[in-house]
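Only one structure is covered here, and it is reproduced in the block below.
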Amino acid sequence: MSGDHGHGDSQVNSGSKGSDSHKHKDKEHRHKDHKRDKEREKLKHGNSEHKDHSEKKHKDKEKLKHSNGSSDKHREKHKEKDKDKEKRREEKIKSSHVDKPKKEKENGYVRDTSPAAIKSEPEEDNGFYPSPQHKTSKREHDDEEFEYKPKQVKTEHDNKAKKRKHEYEEEEEEEEEDIKPKKKTKDKKVTEGKKAKKEEEEKWKWWEEERSTDGSKWRFLEHKGPVFAAPYEPMPDKVKFYYDGKPMKLNAPAKEVATFFAKMLDHEYTTKDIFRKNFLKDWRKEMTSEEKSKITDLNKCKFSEMSEFFKAQSEARKQMSKQEKLKIKEENERLLQEYGFCIMDNHKERIGNFRIEPPGLFRGRGDHPKMGRLKLRIRPQDIIINCSKDSKHPKPPPGTKWKEVRHDNKVTWLASWTENIQGSIKYIMLNPSSRIKGEKDWQKYETARRLKKCVGRLRTQYRDDWKSKEMRIRQRSVALYFIDKLALRAGNEKEEGETADTVGCCSLRVEHIKLYPKMDDQEYVVEFDFLGKDSIRYYNKMPVEKRVFKNLQLFLENKQPEDDLFDRLNTSILNKHLQELMDGLTAKVFRTYNASITLQQQLKELACPEDSLPAKVLSYNRANRAVAILCNHQRAPPKTFEKSMQNLQTKIDEKQNQLSAARKQLKAAKSDHKASHDDKSRKILEMKRKAVERIEEQLMKLQVQATDREENKQISLGTSKLNYLDPRISVAWCKKWDVPIEKIYNKTQREKFAWALDMAEKDYEF
DNA sequence: CCAGTCACTTAGGAGCCCTAAG
DNA sequence: CTTAGGGCTCCTAAGTGACTGG
């Protein structure tokens, strides 16, 4: 970590303490700021300056990522071709328009009005929980509280009492607590000494409360604003930068940027052409004109002294004494306490990312055209603050101003800024454990469960549509089939040249699939090979139904490799269609649905009541893994994988030897006992028996561990666990098989899924 | 319909930190 | 006590999808 984002003051102090030593720099910065503002302005209107399309063949075959070579040429060609080609194809199959009136929505909360959805909805209410999907509209008067100012924050110190959910006592022991952090700090000092662990154990059961119906996300919001990145600390003069073999002094801004590069020197990013080119270009913008005229070739730059300096620094940090480390920890904790929480509607909630992203070099993933560009430092005047009108507004650091303070309760973010690489907006939002995130998450799974009820009908329909006489419908139905069956992502269009060339379902190109009428003993095999989100390769061969196959052949006719496979389809068309089939349905719901249903099925299949605890956990992980594979959640095999696998194997071998030794002894003890039949020998026998059992168990545990790890080599379970699997399935499974939930969810995860832990019983059905 | 904007979810990797084993 | 390695947290990029205004 940057470990250097020093002190809480970094938020506030740029004007006070820190300033003296930086006066000089500050001036220069300010001067630059002007230019910068202009540049930032430009962003808004499309930043055309970097339109370099360096034609490059990929050679890198780093693991399985980025290794599919389809992309670059595509970029060039794609541009012009599109329009007219499309038109040419237009008439291939007659298209007629059947536009239907759209469904209604109420501000973000989906109203179920489609007849289809209504009829298919016995609403699985476990009788008690208010569904997030259909808020009962009984509390129309909700909004009358709109302008109130909360006097108290509910923080419940309830540690025991796990279940009680049916008792309707949300009013229980809400400690009256001053909102003002003053008191909080005091409170804290008392406990902090020992373990800071005690904290206020928030046990607010928001899921037992009504939800707002008017599209507002909150009624009251107060926070202290973000924490800014620590200012640049000039390096000691003895750490030199060399150009063309000669030491060269750089002005502060240029030097700071140089340190960004130096810090990455060991990373292979810095060897990539695009990265270097982008870096040099942006770096030069920070230079004085002399520097600029001198430094023209990155190859002549030597950053190694700087790099060594940082390495030494981080080494020193590791070597720090316990005390020093503790001090840093405490400081971090203080910062967290001060800036890491906000008050939203009477409750203190954890903020997800309260630190502003520090400046640095942009690291895109895959073959990103903008890798190496300079991410500018974010200043208070770049930040928009969002909070309640009647809250205590966050203060900008002395001598600075926010860009804007607004009071928009239709959104959930507390602060935002525009980033300079893509011109996109970044937000500060709440932690996943917060009500606002939890509700949404819950709702997501409820939507997926509604899909479960009508997925049969939808499948019948899209299969029917394979026969449609309209091209667009055939394409739509085949794409939907892929999304359903293979859990592909929707595949929005992307701006070319702005990002890595990756695709999803709707944006698949001809070059991404291959058709094999026959392959081995299978017929109609489709081979997929493309880079998806994060440039993770998707590779899969799948036999499809004849009709699908024939359709694909049709779609491919007269197309170039870089043409769109589904030229009459995009995500917005697809989603519009889905919306008509089921209220709230979009392409990504299929991923959620298929992931969750797969987990549930797998857990049923793999169930084995006699299994030991570790075996059960293994089963769970396998079920989880099936989902991860479905969703193509990969990871780079850990660098130490082979070695650690070997170590484990050694352990297993040892254990095995131990076991056979123990068995021998047991045998001996047995015959001893047979011979003597005395108490002593019986005792020994028992002991040996126990020993064997114990070793057997240990061995089994190791073996399970080995299997699990081997199977996990390139699969990442976390993503699906966190984003796709209805946590209630897991909770129910744990209850059913007496597996402690801690085996499945760590602390953070339990916090995120608190709602599920609380409400799911062992008979929960997704 | 289309491009642009905005909000919010989903994603893998870096690196810190804890723990179990030596 | 030290060390290795694996888990967890943080970080922030990269998606999805709604909406807007022309």
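What you see below is based on every heavy atom in this structure, not just the backbone, and it leaves out hydrogens, waters and symmetry mates. Lettering of chains follows the sequences in order, A, B, ..., and the numbering in each one begins at 1. All of these numbers come straight from a predicted model, not from anything done at the bench.
- Heavy atoms only, all atoms of each residue included: A:Leu376 and A:Pro359 are closest at C-CB, 4.0 Å.
- Contact annotation: A:Tyr724 does not reach the phosphate of B:dT9 (side-chain N/O to OP1 or OP2, under 4.0 Å).
- Looking at heavy atoms from C-beta onward, A:Glu498 lies in side-chain contact with A:Lys370 at the 4.5 angstrom threshold.
- OP1 and OP2 of B:dA7 both lie 4.0 Å or more from every side-chain N or O belonging to A:Lys440.
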Review point. Are A:Lys747 and A:Glu751 close enough, and set up right, to give a salt bridge (Lys or Arg N to Asp or Glu O under 4.0 Å), and what steps lead you there?
Key: CA-CA 6 Å; A:Lys747 182 156 166 286; A:Glu751 278 165 14; 3.4 Å; yes
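- Nearest approach of A:Phe362 to A:Phe275, heavy atoms of both residues: O-CE1, 3.9 Å.
- In terms of phosphate contacts, A:His267 brings a side-chain nitrogen or oxygen within less than 4.0 Å of OP1 or OP2 of B:dA14.
- Nearest to the side chain of A:Arg591, among B:dA11, B:dT9, C:dT9, sits B:dA11.
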Give me, pair by pair, the N or O atoms of the protein and of nucleotides 12-16 of chain C that are less than 3.5 Å apart, along with how far apart they are.
unit_1, atom_1, unit_2, atom_2, d
C:dA13, OP1, A:Lys375, NZ, 3.1
C:dA13, OP2, A:Lys426, NZ, 2.2
C:dA13, O4', A:Arg365, NH2, 3.4
C:dA14, OP1, A:Arg365, N, 2.7
C:dA14, OP1, A:His368, ND1, 3.3
C:dA14, O4', A:Asp534, OD1, 3.4
C:dG15, OP1, A:Thr502, OG1, 2.8
C:dG15, OP1, A:Asp534, N, 3.1
C:dG15, OP2, A:Lys494, NZ, 3.0
C:dT16, OP1, A:Ala490, N, 3.2
C:dT16, OP1, A:Gly491, N, 2.6
C:dT16, OP2, A:Asn492, N, 2.9
C:dT16, OP2, A:Asn492, ND2, 3.2

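- Side-chain contact check for A:Ser730 and A:Tyr745: at least one donor-acceptor pair (N or O, by modelled atom type) lies under 3.5 Å.
- Contact annotation: A:Thr412 does not reach the phosphate of B:dA7 (side-chain N/O to OP1 or OP2, under 4.0 Å).
- No side-chain donor from either of A:Glu439 and A:Gln443 sits under 3.5 Å from a side-chain acceptor of the other.
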